[in-house]
Amino acid sequence: MSWEQTFGIWLAAAFTLGIVSFLYRDNIFYKVCEAIFVGSSAGYWFVTYFWDNLYRKFYLQAFDPVSPHIAPWVGFILGVLMLTRLFGAKIAWLSRWPLAFIIGATAGVYMMFYFVSNAMLQIGASIKPVFVGSFGDIVSNVLIAAGTFCGLVYFFFSKEHKGVFGGAARVGIWFLMVTFGASFGYTVMSRMSLMLGRLDFLFGDWLRLIS
Amino acid sequence: MKVKAFFLISAFVLSGFVSGFAQESAEPIPVENDSLTVAETPAPATDVVAKDTPNDAGGSITVTWDLSPDDTTKKIVTKYVVMRAEEGSDDFKEIGSQVAGKRSVTDNEVVDGVAYIYKVLATREILQDDAIIEVLSSPSEPVGPAKSTAQWFNMSRLNIFIGIIILCGAIIYYITAARGGKSFYIRKIAGIVEVENAVGRATEMGKAIYYVPGINDMDDVQTLASLTILGKVAEIAAQNDTRIDVPVSRSMVMVTAKEIVKESYSRAGRPEAHQDDQVRYLTDDQFGYAAAIDGLFVREKPATVFLIGAFFAESLIMAETGNSIGAIQIAGTAQPSQLPFFVAACDYTLIGEEMFAASAYLSREPKLLGSLKGQDLGKAVFLFAIVIGIILESFGIPVSNLFKVQ
Amino acid sequence: MRTREIIAFFALIALILLAKYVLPHPMQFSPTLSLIIIILLSLTFIIIGVLTLQGKFVERRIVFIYVGAALTLPFFMQIELEVPISPEVQSAYDQIESLNPGSKILAAFDYDPPSAPELQPMADAFMKYCFHKGIKVIIMGLWPQGPQQAGQSVEAAFEDDPALRDKIRYGVDYVNLGFQSGNEFVILRMGESFKAMFPADIYGTPYDSIPILRNVKNYSNIDYCMNFSAGKPGTQEWVQGAVDRFGLKLSAGNTAVQAPMIYPYLQAGQLDGLMGGMAGAAEFEKLTGYKDKATTFIKSQSFAHIVVIVFIIIGNMAFLRGKTERKVK
Amino acid sequence: MRREIPIAITFIVGTVFIIAYFIPHYPFNQFENWFNDWFAIVAAFAIWLGALNLLKISAIKIFLKKTDQLHAALIIISFLVMIFYGFYNGFSGIMANPPYSYRDPAPGINFSWLYDYVYSSLSATMFALLAFFVASASYRAFRARNFEATLLLVAGFLVMLGRVPVGDLITQWLPRDYQLSQLANWIMNILNTAGQRAIMIGIALGLVSTSLRIILGLERAYLGGD
C-alpha cells in the first residue's frame, strides 16, 4: 500500500471519529472536522459545478466544432446577469431578472409535474374496484380508499372540522399518524446499516481487527 | 356556489370521457393483404399499418401488424423484421425487429414530410448449437405511403389539460372574488398559528431565531414556498427586534433570501436593524450543510428553529440536534419520506399542503386566502371523482383510464 | 475541556494504538465471553428500567452508547444468530441452484456505495456461488457506480478462493459490460439487442469479440437474471421492462427501504425471489454457504434494533406509570 | 420598473412552461431539457456568490472579529485546497491525450484522493450519525401520550419488529401470511399507501396553488424592495 493510501486511511479514520464525537457533545475535534467538511465540500461542489455544468453543459455545447448549440447561451446570459450583484448596487438589480426567470420556469414546470405525478396518477391509482378478490383484499381496498378520503378531508382549510366532516378529518389524522409511524419504524433498520459501513471501515480497513 | 361546483365537477368527469374517446378513435384501418404460405416458411403478418406516431415532435412512424397465423407456441415465427423504403424506391432496409408475439415497432429514424413504404417480414431463424444456420422469412404486402409530422397539441394529455384548467380556474375565481371584497373562513392551522408564538418565545429569551430553508435550490417550489414564509417570519422577528439567522446551502437561495430579509426589515419599519451577514452561504453539500447547521445550533443555542423547505436524510440530524438544545422547532416539508422524522422530533410540523398554505395564511391577505379556498374546491372535485370512480369501477365501468398519463 | 474528558481522549488514543499494534488480528471474543457481555448489557437494561420507573428518564447519550455498543460488539463475537430462511429468499436461491453449469445469468448492478453495506454481501455471495458452480455471469449497471461494485464482488470471490483466479477467465466465464445511461429505455432496447446498448465491454473490447457473448442477442438467450437494486432505475423497471415484455426470469436483491414496494410483484409472480435488506443478504449467505459480512452485520443490526425496541418499551413503561399515578392522585 | 420587469418575466416564462407541457412540437418539447441545462449553468455562475460569501464571512472572523479564527481559517484552507486540485487536475486532464476527467482516480494526492479520504469519509460519517439519532428520536417520540401518538407508536413498533428475524421467530406458529414480517408489509402497502396518497394529493394542490400565486405575481417577496 502506498504512503498516500496509508495516510488517507488514517486521515479518514480521524475524521470519522471526529464527527462521531459530536454525539457526546460539541468539541474541538468536531469543530475542526466540521470546518474542513464545510470548506472542502464547498470547494468540491464549486469544482463540480465548474466542470460538469459550465464546461460540459455550456462550453462543450456552445463551442462544439461540428454543430455549436445556441440554447446554452441563454443560460450563460442569465448567469452573467446573476453576477451583476458583485459590481455594486447600481446594476445589482439586474440579478433579479435571472431569478425571476428561474422562479417562473420552476413554478411552471413543477406545477405540471406535481399535478400529473401527485394528483392525476394518485387519483387514477385510487380509482379501483373495491369489492374484488378475497375478503382480505376487500378489507385492504376499503381501507386504502377510506384512508385516502379521510386524509384529504383533514387538509380542507376553508371548512371547520365539526360534525361528520370533523369526524372524517379525525380519522384522516389517524391514518396520517399510522403512516408516519410505519415509515419511521421502517427506516430504523436501514439507518443502522449506514453506521455498519463506517464501522467496517474502522475495524477492517484501518485497525484490521476483523478479516 | 353549489351550482358552480356541480358544473365544474361534471365538466371534469365529462372531459375525461372525451379524452378517452379521442384516444380510441385512432383505431388502425385494416389493409388488404394476400397471405402466401410457402412450405416451412412462416405465413406473413397481416393487417400491417404504418402511420405517423401521434402526439409527438415528429420524426417517428409507428408500424403495427396482426400476428402471423404461424406465430404460435410452436415457434415457427421467431421474430418480425420491419423494412422501410422511400416511396418510389425498392431499396428496403431493416429498421427494427421485434420478438414473436409482439405487434408494433416505432421507427424513429424518419424525416418529417418524406413518404415511406413499409413491410413486415415474419421470420423464422433455425438454430443449431446456438448458431443461426438458416433464416426463412415471408414479407407482408408493402404498406404506405406514411409521413411523419409533429403535432401542436398532445391529445393524450387532454385529460390533464382539463384537470389543470379546472383547478387553476377555481383558484383564480376565488382570488378574483376576494379582490372584489368577499372574505372567506379559513380554519386555524396549528403549526402556522404557532409561528408567531415561537418568534415571541425567542424575543422573551433574548436569543436568535434560525431559519433553515431546506437543501434544494431555487428550482424546487418547496424552496420558493419556504422563502415566502421566511418573508413573513422575518417581518415578525424584525417587529419584535429579534435576530433571525438564515444559513443556506445554495447560492441562489442566498441571493433571494438576502433580498427577502432586507425587505422584511424595512416593511417592519426597522431597516437599520438589518445586518448583511444574517443570510449566509455554507456549502452546497447535503451533509456538509447538516454538519455546519449542527455546529451552529449547539454553539449559538437559538431559542427557535424553523426547518421549512425540501429536506432529505439530513432532516433528522438537524431536528434531533435542534431538539437537544431545547429549541422550539417548527418544521414543514412536502417531502413525504421526511415528514415522520419531523413529526417525531419537532414541536410542530406543517404537513405537505399546510406548508404551501402557510405564507397565504400568515399574510392574511384576502387574495391569498382566496387561493386556499380555490384549492379546497379542487380538493372537493378530486374527492368526488375518486368516490364516483370507485363506484363506477365496482360496477365494472372502467374509468380509471381517465386519469392515465402518457 | 474537563479533566475527565482529557483522560477519555488519551484512553481512546491508547486503545487505538493497542488495537492497531498489540491486539491479535483478527480479534475475536470466545462464545462464553460474548455471552457474558450480552448478559451484562441486558442487566444494565434492568437498572435503566428501574431508574426510569423512578422518574429519571435516561438522557440521549446513554441511548447512543447502547446503540454504539450494539453495532460494534457483534463484529467480534463468535455467536451464531439463528436466521430463519424466508420463502422469498429460498425461492431466489432455488432458481439459481436449478441452473446447469454453463448457463448464462445476467447480473444487473443498480446501486452505489452508500447502499453497499446491504447489497454488497448479496452480490459477493452470488458471485462466489456462480463462479464455483460454473454459471457464466454477464454484468451490467444502470447506475454509474454499479459496475465498480460488481468488480469488487468479483475480486471478493477471487480473494475468498484464490483457485478461482486460474479457473475463471474474463470474457469466457464472466464479462463486465459497464454502465449505460438511459434508465428503463436501456432495459427495453436490450429486449431487441444487448449489443445496441453495450457495443463494447467496460475495457472497450467490442461486443462481438467476447466469447461469452457469442449468440447472446437479447433476453431470450439468457437463462436467468439477478438484479441488485437500491432504487430507481431498479427492480421495478426490470419487472416492467424485461419480465412483463420479454418474459425474462428475474430475482432481485433490494435495500430494506425498497423491498416493500417490490413485494406486490413477488405476489403477482412477476418476480421469482426477493432478498430484502441485510436480513435477506444474511439468509442468502446462509443458503449459498458463503457466510461473510451480512452474517456479521445482521447480528449488529438485530442487536441495535433490539436496543431501540427495549428503549421504546422502557420509555413507555415509565410514561404509562406516570399517567396512572397522576390519575390515582 | 425594477419590480415590474421581473414580475412580467416570471409571468411570461411560467405561462410558457405550463403551455409547453401540452405541445409536442419543437421548440416547446425542448423547453424542459433546456431549462435543466440553463439552471445548471446559472447555478455554476451563482456559486461564485456563495463561495465569496463564505470566504468573506470567514475572513471577517479571522481579521476583524477575531473569533473562531481556527475554524474560519480551516474553512478557507480546505476550500482552496479542493479548488486547487480540482482545477489543476481538471485542466491537465483536458490538455492530456487521451483526455481524462478531473475526478478520475490516479496515484498520489489529487482531487480523487481528496474525494475518497476527506470528503467521502466526512460525508458518510455524518450520514451514519442517523443510526444514533433515529434511536434517540424513537425513544422520545414513541410514547403513548394520546390516541394519535399511540397509533404512531403501534404502527412503528409493529413495522420495526416485522423487519428483523426476531419478528418472524415470535410469530412462527402463524401461517406465513400472518407473520409479523408480512403484517409489516401489509401496514406499509395498505395503511401507509392510504396516508401517503392523501399527503401527495394535498401536496399537488398546494404546489399548484403556490406556483399559480407566484406566476400571477401575488407572491413577490423574492423580488425584495425597490
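Keep in mind that the numbers below use all heavy atoms, side chains included, and drop hydrogens, waters and symmetry copies.
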J.: Spell out the residues in residues 149-157 of chain A that have some non-hydrogen atom less than 4.5 Å away from a non-hydrogen atom of chain D, in order of number; otherwise answer 'none'.
T.: A:Gly151, A:Leu152, A:Phe155
J.: Is the side chain of D:Trp34 donor-acceptor paired with the backbone N or O of A:Gly75 at a distance under 3.5 Å, no angle test?
T.: no
J.: What's the spacing between D:Ile83 CD1 and A:Phe50 CZ if we round to 0.5 Å?
T.: 10.0 Å
J.: Looking only at the aromatic ring of each residue, does the gap between the centers of D:Tyr21 and A:Phe113 stay below 6.0 angstrom?
T.: no
J.: State whether the number of non-hydrogen atoms from other residues, nucleotides or ligands found under 6.0 Å of D:Phe11 atom CZ is greater than 12.
T.: no
J.: Side chain from CB out, backbone as N, CA, C, O: work out which of these in A:Ser126 comes under 4.5 Å of a heavy atom of chain D, or both, or neither.
T.: both
J.: Against chain D, label A:Ser2 side chain, backbone, both or neither, depending on which of its atoms sit under 4.5 Å from a heavy atom there.
T.: neither
J.: Using non-hydrogen atoms only, which part of A:Thr187 is less than 4.5 Å away from chain D: side chain, backbone, both, or neither?
T.: neither
J.: Hey, mind stepping through A:Ile19 and D:Phe127 against side chain to side chain contact (heavy atoms under 4.5 Å, CB included) and telling me if it holds?
T.: CA-CA 10 Å; A:Ile19 294 280; D:Phe127 195 8; over 6 Å; no
J.: Contact part of D:Phe147 toward chain A, heavy-atom cut-off under 4.5 Å: side chain, backbone, both or neither?
T.: side chain
J.: Sort A:Ile9 into side chain, backbone, both or neither according to what part of it lies under 4.5 angstrom from a heavy atom of chain D.
T.: both
J.: Tell me, side chain or backbone of D:Leu54 under 4.5 Å from chain A's heavy atoms, or both, or neither?
T.: side chain
J.: Which atoms of A:Phe46 are under 4.5 Å from chain D, going by heavy atoms: the side chain, the backbone, both sets, or neither?
T.: both
J.: For a side chain to side chain contact (heavy atoms under 4.5 Å, CB included) with D:Phe39, tell me which candidate from A:Asn53, A:Val109, A:Ile102 qualifies.
T.: A:Ile102
J.: Does D:Trp186 use its side chain to pair, donor to acceptor, with the backbone of A:Ser140 at less than 3.5 Å?
T.: no
J.: Check each atom of D:Asp68 against the heavy atoms of chain A and say whether the ones under 4.5 Å are side chain, backbone, both or neither.
T.: side chain
J.: What part of A:Thr106 gets closer than 4.5 Å to chain D, counting heavy atoms only: side chain, backbone, both or neither?
T.: both
J.: Relative to chain A, which segment of D:Ala43 carries a heavy atom at a distance below 4.5 Å: side chain, backbone, both, or neither?
T.: both
J.: Any donor-acceptor pair under 3.5 Å linking the side chain of D:Ser121 with the backbone of A:Thr16?
T.: no
J.: Given a strict heavy-atom distance threshold of 4.5 Å, which part of A:Met112 is in contact with chain D: side chain, backbone, both, or neither?
T.: side chain
J.: Under a 4.5 Å heavy-atom cut-off, does chain D meet the side chain of A:Leu23, its backbone, both or neither?
T.: side chain
J.: Please test D:Asn89 against A:Val47 for side chain to side chain contact (heavy atoms under 4.5 Å, CB included), starting from the C-alpha separation and ending with a verdict.
T.: CA-CA 11 Å; D:Asn89 294 149; A:Val47 170; over 6 Å; no
J.: Roughly how far, to the nearest 0.5 Å, is the CH2 atom of A:Trp45 from the CZ atom of D:Phe79?
T.: 14.0 Å
